[in-house]
Protein chains: 2
Amino acid sequence: MDKQTVTIYDVAREAEVSMATVSRVVNGNTNVKPATRKKVLDVIDKLDYRPNAVARGLASKKTTTVGVIVPDVTNMYFSSLARGIDDIAAMYKYNIILTNSDSDDEKEVQVLNTLLSKQVDGIIFMGNEITDQLREEFKRTKTPIVLAGSVDDQNINPSVNINYAAAVQEEVKNLIDRGNKRVAFVCGPLKYAINGKYRLKGYKQALKDAGIPFDEKLIFETDSKYKTGTLLQPALSSAGATAAVATDDELAAGIMNGMTDAGVLVPKNFEVITSNDTKLTEMVRPKMSSITQPLYDIGAVAMRLLTKLMNDEPVNEKEVLLPYGLMKRESTK
Amino acid sequence: MDKQTVTIYDVAREAEVSMATVSRVVNGNTNVKPATRKKVLDVIDKLDYRPNAVARGLASKKTTTVGVIVPDVTNMYFSSLARGIDDIAAMYKYNIILTNSDSDDEKEVQVLNTLLSKQVDGIIFMGNEITDQLREEFKRTKTPIVLAGSVDDQNINPSVNINYAAAVQEEVKNLIDRGNKRVAFVCGPLKYAINGKYRLKGYKQALKDAGIPFDEKLIFETDSKYKTGTLLQPALSSAGATAAVATDDELAAGIMNGMTDAGVLVPKNFEVITSNDTKLTEMVRPKMSSITQPLYDIGAVAMRLLTKLMNDEPVNEKEVLLPYGLMKRESTK
DNA sequence: TATCAATCTGAAAACGTTTTCAAATCAATG
DNA sequence: CATTGATTTGAAAACGTTTTCAGATTGATA
């Protein structure tokens, strides 16, 4: 019941060895005679000694902690990634410091700096946009940083993603093949490379392949919120769209519900296909067809990659693209 | 571009003062002449000095980091709490180490111990059950621990919750008042005090108040999964239930969809009411009526409470009960 | 101008580990 | 029974801060 904290020195004294030896057995160093090891282990047990990770971090310059920057854990897309990250981190004996950035540029660099000051061994960044300033900060540190489910068009940091352009292209082709001439592209902010550069490119390519002219009016740039989706029906209808590709599941659910509530039947009169395959796709009615992304795996692979970087192990590919699929459910014909 | 890390000592030398003085200005200590302060600040800026939080933690015995144990961030109930926690933590300059426990007893105590070894200043625990062993560990440390959205029937640790019994009682009364004689109680494991002790109590009380005898057959103990909910229709129908109270939103969505898919109209032929008011309630059709819980606030208040505990500030109430409400949507008449 | 209190500053000791380096021990060999 | 090389060990120096305590400086007062 005593609360005085027991240190390595106490163990050393009690076991009649030096701190160095205690340190060795705690760290599983092999250069210690079995008899001594046992003696030390017994004392550790008796005294209920628990190494102070902070002191250890100072001495060894390793904290076994990694920073994770995420726009919002409340978003299923990101929480799925985060879960994959934490599981692999745990597997490799790391803990994660999780911080929400709200995609706020300023908060992102500020949070990055506090993470660095806490001497994390590595960082996983998830975010919609990498500003110049952030990129500068990334460059300035030698702490490894990997991007998960997030693209930087300058491709400086290692990253784990799917091929967004190809995925959207396939979605759109799919829709066009079934006769949709006017497919809306409903996305988050176009200033985010993932939308404005990759996904939009896929959309345009599919149009081009089908010989359909690009129409600016079919691009709906939103904030990716469910609520926003619900309000889109009038605009979509008056633009003459007969189908929509959405870049976010909540947004897609909003669109679908907005349509349905306005009496437009999905998928009969309007098809919807979404992009993240979170479990929400199964919960709404009709169930939403979606690009399938291995969300958990994106996080997991990113963390695994980071462990290699932190150990200076060789890494064969710095830009991992995981496979995606297309899952037909009930929101498409 | 140089990567050698600059220490407080470098700043001291460059500014021609002692480390103590640099430390003072970094920590905003007032006992330093404005002129010296400026000189030091300039050097800090010039050298781009960033204090090492690990060394600081060792010297000051404060890490400005708190541990957060959660069953699964992927669950919206918990991610909402986590978000509230992180926001308030950030406000008070703390970071959170987030760990998923999967409600695994063993993992919970193990994770608690690594958190303590990392010298977190406090811990917020979310979990379904506090085993005896865990309670022992809680007692053994003097690091403050608060429970968020989680109940321990022995009420040893400070906690933030709503009155689950009263809320369920109100839900059930509501259903009974509209003529439902057979209301099913679909819950997570009854061994969890929140279900078996509190919510069930509220359910029974409502029955008692209405003079309806308790029927074991109307209690459906599940794993709280969406999928499980979808499979419940046959059992619910054959038990003669005309309404269900569910303790989890995903579970409730499953029940509702299962009913609907089987041709049972909600709410006309079967009413459903749920308990967590996550945004899922608005996304499914019909929208689900629910107890409203201030999820974000539960996390936020828990974190605020923890800051007080960490600063040895007086705390007036150790068991906070936040207000709940009842939100009628479309899954009830 | 001497005195006193208040204000500022620095030297050095923590904080609890890891790590380096040399010394001690041990076993086997010639 | 010395000699050698491997195996175990311990002393002490990091690691980069905070904090304590005493000393130096300042400004006002008598």
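Letters go in sequence order (proteins before strands), and every chain restarts at 1. What you see below is based on every heavy atom in this structure, not just the backbone, and it leaves out hydrogens, waters and symmetry mates.
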**Q** Mind checking the CD1-CD1 spacing from A:Ile85 to A:Ile124? Nearest 0.5 Å is all I need.
**A** 4.0 Å
**Q** Under 4.0 Å, counting only non-hydrogen atoms across every strand here, what does A:Asn31 touch: a base, just sugar-phosphate, or nothing?
**A** base
**Q** So, A:Asp105 versus A:Thr131: side-chain donor-acceptor pair below 3.5 Å or not?
**A** no
**Q** Under 4.0 Å from any atom of DNA chain C, heavy atoms only: list the residues of residues 57-64 of chain A that qualify, in numerical order.
**A** A:Ala59, A:Ser60
**Q** For A:Gln119 and D:dT17, what is the distance between atoms CD and C1' respectively, to the nearest whole Å?
**A** 11 Å
**Q** Rounded to the nearest angstrom, tell me the gap between atom CG in A:Asn52 and atom P in D:dC15.
**A** 19 Å
**Q** Which residue pairs pass the salt bridge (Lys or Arg N to Asp or Glu O under 4.0 Å) test with at least one member in residues 20-38 of chain A, sequence neighbours excluded?
**A** A:Lys38-A:Asp42
**Q** Near DNA chain C, counting only heavy atoms under 4.0 Å, which residues of residues 32-40 of chain B show up?
**A** B:Val32, B:Lys33, B:Thr36
**Q** For the residue pair B:Lys118 and A:Thr64, establish whether any side-chain heavy-atom pair is separated by less than 4.5 Å.
**A** yes
**Q** Do the charged groups of B:Lys39 and B:Glu16 touch, with an N to O distance under 4.0 Å?
**A** no
**Q** Output yes when B:Asp102 and A:Arg83 qualify as a salt bridge under the 4.0 Å nitrogen-oxygen rule, no when they do not.
**A** yes
**Q** Which residue pairs satisfy the ring pair (Phe, Tyr, Trp, His ring centres under 6.0 Å) criterion with at least one member in residues 87-114 of chain A, sequence neighbours excluded?
**A** none
**Q** Would you name the heavy atoms of A:Lys61 and A:Asp121 that are closest together and state the gap between them?
**A** O-OD1, 4.4 Å
**Q** Take the protein atom CG of A:Asn29 and the nucleotide atom P of C:dT20, then report the distance between them rounded to whole Å.
**A** 11 Å
**Q** For a quick test of reading the model, state the closest non-hydrogen atom pair linking A:Val54 to A:Asn52 and the distance between them.
**A** N-OD1, 2.7 Å
**Q** Just to be sure I understand the geometry, which residues of residues 8-25 of chain A put a non-hydrogen atom under 4.0 Å away from DNA chain C?
**A** A:Ile8, A:Met19, A:Ala20, A:Ser23, A:Arg24
**Q** Using a strict 4.0 Å threshold on nitrogen-to-oxygen distance, state whether B:Asp132 and B:Arg135 make a salt bridge.
**A** yes
**Q** What are the two closest non-hydrogen atoms of A:Asp10 and A:Thr5, and how far apart are they?
**A** OD2-O, 4.1 Å
**Q** Which atoms form the tightest heavy-atom contact between B:Ile69 and B:Glu108, and what is the distance?
**A** CD1-O, 4.4 Å
**Q** Between atom CG in B:Asn27 and atom P in D:dG16, what is the gap in whole Å?
**A** 17 Å
**Q** Any chance you could measure B:Gln293, atom CD, to B:Leu81, atom CG, to the nearest 0.5 Å?
**A** 8.0 Å
**Q** Give the angle between the helix axes at the two ends of the helix from C:dT1-D:dA30 to C:dG30-D:dC1, taking five base pairs at each end and rounding to 10°.
**A** 60°
